[in-house]
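Structure record follows, encoded as structure tokens.
The residues of the chain are indexed from 1 along the displayed sequence.
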Amino acid sequence: MQIGNWIAWLYWNPPREAFTVPLLDRPVMWYGISFVTGFILGYFLIVPILASFLRQSKHLASIDILNWPLLVKHLHTNNSSPLVQRCLSALNPKAREHLQKADGNQASDPFLQEQLLNSFNQVLQGCGVKREDFEQTFKGAIATATHTSHFLSDRLCWFIVAGTLIGARLGAVFFYDWPYFKEHPLEIFQVWKGGLASHGGVLGVMLALYLYILYARQWMPSLSFLRLLDFVAIPSALAAFFIRLGNFMNQEILGTPSSLPWAVLFGQPADGSALVPRHPVQLYEGVTYLITFFFLYALWRKRGNEVGAGTYVGYLFIFIFSSRFILEFWKATQESILESGSLQMGQWLSIPFILLGILLVYKGQTACGNCATCPKRRNQAEQSSCKK
């Protein structure tokens, strides 16, 4: 093909460096900016998702108490409130004695704090009482669900970032280029040189979320591992879209040669490939990830936590990895530990995730309404209890 014919296609050769940090003289790559943008937007998505779960939760934890002295003051001065009366009646005699003696300075009594939380949770688990009732009655003393969600989301993001980077890096090392890294082990830690695998990133995030569950169980005992995966699935699809944009900016993960009008001629491919028009497979994947995000977000806006646990992450696995499996046929062959075969490594690694996604959606659909934490079932149980 003559160079003169290339004008029919988009010539893509942006600088990989967006800017250089003054004084440190360190370049900031467009890929890094895309990566961080995806996580920042994901954070703002996970906050309302966790807040929605907390509003439906029947548990208050120590992090939900903003001001213990003010809380004690509410209990002393707001005796006319039905909710305060129910909380006081739920206290045992010893706890009432401590409360009567407590003032602003003595409100830090660990025994009293523990007993007050126990009484609040006992009342909260009764019929007709919601978290919002506590937030309004003890205004300023009990955090709103959104406030607590920010605290939990901050820590969740650190777990996810660590799991993504470590998992994606180790996935690239062991799935795609182990013969090289076996001879150069120190380069495993040189992440800035590139080399991240999405399948490894998914596994790393799943492990990080399991560790987060163990860490946060003291504050959210009703949050299951599958439900947490559901919450993270929604922003993950958006983050994946931005990561693929970063790959496009970086001129990596190239497509196969193409003569289609929308083919792209990459000026400086990261792998040193020939300068020929190619399928912009990074954008193909990015668009499918963006569509997946809009679908999951719309489903959450409509159904919230009423779907069975695992449904959202199941759909994520099905859509993301099915599209990944199909689009691999238009992706240039990547070196991997597989020496040959009709399928690429990315396709073999996608199959288990697709099957897992189908299983999770099936179980989520059949279990919906039977889970003890399902809002629909809990509301029905509360109504039945109130009638009795």
Side-chain angles (χ1 to χ4, degrees), residues 1-18 28-39 41-42 164 168 171-172 175-177 193-202 236-295 316 318-336 342-350 353-354:
M1 183 178 297
Q2 299 296 321
I3 294 180
N5 294 334
W6 288 354
I7 60 174
W9 299 287
L10 172 66
Y11 178 74
W12 186 250
N13 190 26
R16 289 186 173 86
E17 299 177 5
V28 175
M29 316 298 285
W30 282 112
Y31 179 84
I33 293 176
S34 298
F35 195 93
V36 171
T37 300
F39 274 95
L41 294 178
T164 301
F175 295 152
Y176 291 95
D177 212 1
K193 289 187 175 181
L196 299 174
S198 58
H199 296 88
V202 172
S236 292
L238 184 61
F241 163 72
F242 279 98
I243 289 174
R244 283 296 177 254
L245 281 185
N247 295 140
F248 184 70
M249 295 293 296
N250 238 21
Q251 303 185 51
E252 58 190 2
I253 311 182
L254 302 179
T256 54
S258 171
S259 59
L260 292 170
W262 57 82
V264 176
L265 177 64
F266 293 96
Q268 299 182 53
D271 60 359
S273 300
L275 300 183
V276 296
R278 297 176 179 275
H279 284 283
V281 71
Q282 313 97 321
L283 299 183
Y284 296 168
E285 285 192 49
V287 170
T288 60
Y289 297 166
L290 191 61
I291 293 173
T292 300
F293 162 72
F294 283 122
F295 168 77
L316 177 78
I318 292 173
F319 295 153
I320 292 290
F321 290 105
S322 292
S323 64
R324 175 72 184 271
F325 184 91
I326 296 171
L327 292 174
E328 287 284 327
F329 289 111
W330 287 274
K331 189 179 295 184
T333 302
Q334 295 176 282
E335 293 184 5
S336 69
S342 57
L343 299 180
Q344 294 202 51
M345 171 61 78
Q347 292 172 305
W348 285 112
L349 293 175
S350 295
F353 285 105
I354 297 171

Spacing of [X] atom [atom1] and [Y] atom [atom2] [to the nearest 0.5 Å]:
X: I253; Y: N247; atom1: CD1; atom2: CG; result: 3.5 Å
X: F39; Y: I243; atom1: CZ; atom2: CD1; result: 6.0 Å
X: L245; Y: N250; atom1: CG; atom2: CG; result: 12.0 Å
X: E328; Y: T256; atom1: CD; atom2: OG1; result: 11.0 Å
X: T288; Y: I326; atom1: OG1; atom2: CD1; result: 9.5 Å
X: F242; Y: L290; atom1: CZ; atom2: CG; result: 8.0 Å

- Message: Please enumerate all residues that pass ring pair (Phe, Tyr, Trp, His ring centres under 6.0 Å) together with F294, with sequence neighbours excluded.
- Response: none
- Who are the ring pair (Phe, Tyr, Trp, His ring centres under 6.0 Å) partners of F248, not counting sequence neighbours? W12, F266
Identify the heavy atoms of [X] and [Y] that sit nearest to each other, and give their distance.
X: Y289; Y: S323; result: CE2-OG, 4.0 Å
X: P280; Y: A263; result: CD-CA, 4.4 Å
X: A270; Y: E252; result: CB-CB, 3.9 Å
X: I318; Y: I354; result: CG1-O, 4.1 Å
X: L265; Y: P277; result: CD1-N, 3.8 Å
X: Q347; Y: F325; result: NE2-O, 2.9 Å

- Task: Could you check E285, Q344, Q282, H279 and say which one makes a side chain to side chain donor-acceptor pair (under 3.5 Å) with K331?
- Result: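 Only one option passes, and that is E285.
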- Query: Do Q251 side-chain atoms and G267 backbone N/O form a donor-acceptor pair below 3.5 Å?
  - Reply: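 Yes, because the side chain of Q251 sits within donor-acceptor range (under 3.5 Å) of the backbone of G267.
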- Item | From CA spacing to verdict: side chain to side chain contact (heavy atoms under 4.5 Å, CB included), R278, S273 | CA-CA 11 Å; R278 297 176 179 275; S273 300; 3.4 Å; yes
Give every donor-acceptor pair under 3.5 Å between a side-chain atom in residues 28-35 and any protein atom, sequence neighbours left out.
from : atom 1 : to  : atom 2 : distance (Å)
W30  : NE1    : P15 : O      : 3.3
S34  : OG     : W30 : O      : 3.1

- Message: Assess the residue pair R244 and Y284 against the criterion (side chain to side chain contact (heavy atoms under 4.5 Å, CB included)); give the C-alpha distance rounded to whole Å, side-chain angles, the decisive distance to 0.1 Å, and a yes or no.
- Response: CA-CA 9 Å; R244 283 296 177 254; Y284 296 168; over 6 Å; no
- Between F295 and F319, ring centroids under 6.0 Å: yes
- Start with the C-alpha gap between V202 and T164, add the side-chain angles, then the distance that decides, and say whether side chain to side chain contact (heavy atoms under 4.5 Å, CB included) holds. CA-CA 7 Å; V202 172; T164 301; over 6 Å; no
